[in-house]
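Chain letters run A, B, ... following the sequence lines, proteins first and then strands; every chain starts at 1.
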There are 2 protein chains.
Amino acid sequence: MATIKDVARLAGVGLGTASRVVSGKGSVAPATAKRVRRAIEQLNFRPSHAARSLLSGSTQMIGVYIPILKGTFYTPILQTIDAELRAGGRHMVVAFGHGSADERRQAIEGVQFLINRDCDGLIVMSNALLEKDIVALGREQPNIVVLNRVFESMRDQCFCADHLHGGAVAAQALLQHQHREFAVIAGPASSQDNVARIAGFMNELRRQGIDPQTVRTIDSDFSPEGGWASAKALLASKHRFTAVFCANDEMAVGALSYFQETGLTVPQRVSVLGYDDTQSAEYSAPRLTSVHIPLREVTVSGLNCLLNRCYDSLLPVQREFPINVTWRASITMPHQQRSATAHPRT
Amino acid sequence: MATIKDVARLAGVGLGTASRVVSGKGSVAPATAKRVRRAIEQLNFRPSHAARSLLSGSTQMIGVYIPILKGTFYTPILQTIDAELRAGGRHMVVAFGHGSADERRQAIEGVQFLINRDCDGLIVMSNALLEKDIVALGREQPNIVVLNRVFESMRDQCFCADHLHGGAVAAQALLQHQHREFAVIAGPASSQDNVARIAGFMNELRRQGIDPQTVRTIDSDFSPEGGWASAKALLASKHRFTAVFCANDEMAVGALSYFQETGLTVPQRVSVLGYDDTQSAEYSAPRLTSVHIPLREVTVSGLNCLLNRCYDSLLPVQREFPINVTWRASITMPHQQRSATAHPRT
DNA sequence: CTGAACATTGGGAACGTTTCCATAGTTCTA
DNA sequence: TAGAACTATGGAAACGTTCCCAATGTTCAG
């Protein structure tokens with residue numbers, strides 16, 4: 001690989017001049033610049049990032065930690081980060097957890113890995129991390145932004161939609177359609193955003209005169225498998241409900257699948273509401289009505305906040321994110337359906 | 001950030017000695033090593049990758065280009081690459097295309113970007129790239145491996161399941177269930193692996209005495225939207241069929257969604273077969289029977305081949321990949337169903 | 001006791017940039 | 001026309017490693 005010295009030699013100029021042409025800083029006589037550019041072309045010279053990083057102390061590299069790359073939730077986030085970053089000539093390096101056990105250790109290791117790789121900044125998503133973990137990590141690399149979760153000790157570096165409100169929106173959607181008997185398929189209790197949306201849902205129910213005690217909640221794990229199994233458990237429990245609120249779309253899809261298997265048609269016999277409005281909601285059978293979280297805006301704001309920290313730029317950052325529901329086909333009025341337990345074919 | 005000089009000074013040793021302890025090469029007296037390690041601990045020293053790269057000429061970084069991160073096809077690939085790489089202390093940097101128009105230019109730019117970032121090697125997936133593009137790119141960085149597609153000029157760097165055979169497997173699955181009237185929802189004609197699986201499907205049909213002319217094929221785009229629209233077009237065309245072969249799961253899911261909307265129950269009235277056996281097949285409604293491609297093995301083999309090139313390791317590489325079908329609920333015998341066009345409720 | 005073999009150590013050179021300073025040449029001002 | 005103010009240029013220093021060579025100390029065979 002040609003170096004800038006080769007370029008300088010070929011162009012018959014000094015090292016400094018060649019460098020000035022490459023980086024575009026400082027003044028160079030037009031004729032000289034042209035000669036240098038020709039040499040660059042001829043040698044197919046491209047500056048070494050390693051050398052630049054060494055000198056500048058900046059790698060132009062942002063690390064992203066994602067607990068698991070499965071399902072449709074995280075992919076748009078990565079896509080967004082990559083696009084934004086690459087537009088600015090920087091790049092993204094990713095570390096994934098591999099799911100299953102010991103997520104906390106995985107998260108710590110993953111983030112550590114990214115820090116060791118000299119990332120200028122980090123974007124972290126994890127429910128398994130504890131407050132003290134993030135604090136410890138932050139000591140090594142203060143440029144951290146957290147998505148979809150808030151740590152009290154660093155609120156201004158956390159970007160998260162108001163899931164308490166999101167839960168309320170979900171409840172309203174169902175109440176609006178005259179539903180009064182509910183079931184809930186919740187995410188894991190360890191997930192902060194899950195508990196917020198469930199709490200929001202229950203609060204709104206209470207506010208509208210429905211006793212949260214009457215709703216049967218099953219805790220699951222955000223996966224379609226979990227949704228499927230929860231739907232099964234729900235039906236087995238003989239609890240009466242005309243609508244199910246699922247804490248994310250993946251579980252809703254799993255539930256849809258189970259209902260279909262048992263001949264309980266949606267929405268004719270049960271209404272189903274999803275959450276997140278991810279791609280899996282769009283073409284499920286039936287298409288899933290879901291609470292829409294503007295994840296793109298959340299991501300961009302978080303990223304911008306990070307870039308502002310790392311490179312003192314002044315990118316716009318937004319802290320409030322509107323939540324609404326995307327209406328599709330999985331919800332109808334209950335007088336058009338009979339209670340789920342009434343005639344399950346199972 | 002502490003440097004190795006600080007470590008040496010604090011430990012009261014020379015630069016070389018400190019370096020020997022850090023890298024674990026060369027001999028150091030146990031007592032000295034201990035002092036150095038303590039200094040490392042105390043200063044929280046971590047070696048600079050930039051400096052190492054500069055000296056060694058290797059970044060320990062593998063670039064991955066993916067045309068678009070949407071749906072469930074590419075995510076397990078990324079997950080696999082990340083896990084394998086990270087286990088070896090290396091890391092992955094990703095560049096995505098943003099879909100839509102001009103995929104070829106996007107792919108070239110994306111790969112160029114990765115090359116400029118000094119990746120030691122590249123994994124590329126793209127149907128839009130031309131033979132000459134990959135050749136040109138290969139001149140700049142010869143360590144390239146291509147997944148799920150084969151370029152004639154670099155067969156040994158391409159890892160791809162035998163989709164011609166995959167298509168045949170698909171046909172057999174349907175024929176086995178007594179189907180004789182078919183429709184096909186195909187991927188884009190520009191996609192090499194798509195045309196292979198369709199050709200394989202048709203060949204097998206012919207071999208078993210069915211005229212491929214009698215099957216109605218609709219070209220689509222691998223997306224659920226496309227599958228949905230194609231299913232609609234299929235029904236509108238009044239073509240008779242008892243089974244649909246979809247060239248990937250995403251389109252199959254879209255088709256399932258459309259069939260559900262129009263009351264055409266699957267598999268009672270139409271059988272649907274997917275391809276790739278991705279996660280979207282697992283919890284669709286009904287669960288989708290799909291041709292299983294061992295994508296993990298393909299990915300690992302490709303990656304290993306690349307690592308062998310980059311770091312002359314001797315990781316195992318596999319070139320033949322078994323294809324079979326994962327049976328779920330979307331296929332049944334046609335005498336249990338009536339031809340799709342017979343009574344569409346539409 | 002002597003010299004050879006070996007273990008341990010210190011420090012300079014090099015990797016490929018950018019930045020800064022010094023120098024030379026050129027234009028402008030009074 | 002003298003000097004000031006620029007512009008254009010070359011090259012040394014520095015970034016943080018690793019590798020190599022030289023130097024020192026230690027052990028051991030004869």
Visitor: So which nucleotide from C/dG16, D/dT17, D/dT9 ends up closest to the side chain of A/T17?
Guide: D/dT9
Visitor: Quickly work out the B/D118 CG to C/dT17 P distance and round it to whole Å.
Guide: 9 Å
Visitor: Taking atom C1' of D/dC15 as reference, at what distance in whole Å does atom NE2 of A/H49 sit?
Guide: 17 Å
Visitor: Within less than 4.0 Å of OP1 or OP2 of C/dT18, is there a side-chain N or O belonging to A/S19?
Guide: yes
Visitor: Specify the separation, in whole Å, of atom CG of B/N116 and atom P of C/dG16.
Guide: 17 Å
Visitor: Using OP1 and OP2 only, check whether a side-chain N or O of B/T3 sits under 4.0 Å from D/dC15.
Guide: no
Visitor: Looking at A/R52, I'd like to know whether one of its side-chain N or O atoms comes within less than 4.0 Å of OP1 or OP2 on C/dT18.
Guide: yes
Visitor: Quick one: does A/V145's side chain get under 4.5 Å of A/C158's, heavy atoms only?
Guide: no
Visitor: With a non-hydrogen cut-off below 4.0 angstrom, is B/V28 in contact with a base, only sugar-phosphate, or nothing?
Guide: sugar-phosphate
Visitor: Counting heavy atoms from C-beta on, name the nucleotide in D/dA8, C/dG16, C/dT9 closest to the side chain of A/A51.
Guide: C/dG16
Visitor: If the condition is side-chain contact (heavy atoms from CB on, under 4.5 Å), which residues does B/R117 pass it with, not counting sequence neighbours?
Guide: A/H49, A/Q60, A/H91, B/M61, B/F113
Visitor: What heavy-atom pair brings A/L306 and A/I144 nearest, and what distance separates the two atoms?
Guide: CD1-N, 4.1 Å
Visitor: Starting at CG of A/L55 and ending at C1' of C/dT17, how long is that distance when rounded to a whole Å?
Guide: 6 Å
Visitor: Grab the CG-C1' distance between B/L54 and D/dT18 for me, whole Å please.
Guide: 11 Å
Visitor: What is the separation between atom CE on B/M1 and atom P on D/dT17, rounded to the nearest whole Å?
Guide: 8 Å
Visitor: Relative to B/Y311, does B/R90 satisfy both conditions: NZ or CZ under 6.0 angstrom from the six-membered ring centre, and within 45 degrees of the ring's axis?
Guide: yes
Visitor: Classify the nucleic acid contact of B/V22 as base, sugar-phosphate or nothing, counting any heavy atom under 4.0 Å across all strands shown.
Guide: nothing
Visitor: Side chain of A/P47 only, please: which of C/dT9, C/dC20, C/dT17 is the nearest?
Guide: C/dT17
Visitor: By nearest nucleotide on DNA chain D, pick out whichever of A/P30 and A/G16 is the more 5' one.
Guide: A/P30
Visitor: Within this structure, what is the NZ-to-P distance between B/K25 and D/dT18, rounded to whole angstrom?
Guide: 8 Å
Visitor: Can you figure out which of C/dT18, C/dT19, D/dG16 approaches the side chain of B/S48 most closely?
Guide: D/dG16
Visitor: Mind calculating the distance between CZ (A/F45) and P (C/dT17) to the nearest angstrom?
Guide: 4 Å
Visitor: Give the C-alpha distance, both sets of side-chain angles, the deciding distance and a yes or no for salt bridge (charged side-chain N to carboxylate O under 4.0 Å, His left out) between B/E84 and B/R296.
Guide: CA-CA 11 Å; B/E84 297 283 314; B/R296 189 170 194 292; 3.6 Å; yes
Visitor: According to a strict under-4.0 Å criterion, is B/T32 in side-chain N/O contact with OP1 or OP2 of C/dT9?
Guide: yes
Visitor: Using only modelled atom types and a 3.5 angstrom limit, is any donor from either the side chain of A/R46 or the base of C/dG16 paired with an acceptor on the other?
Guide: no
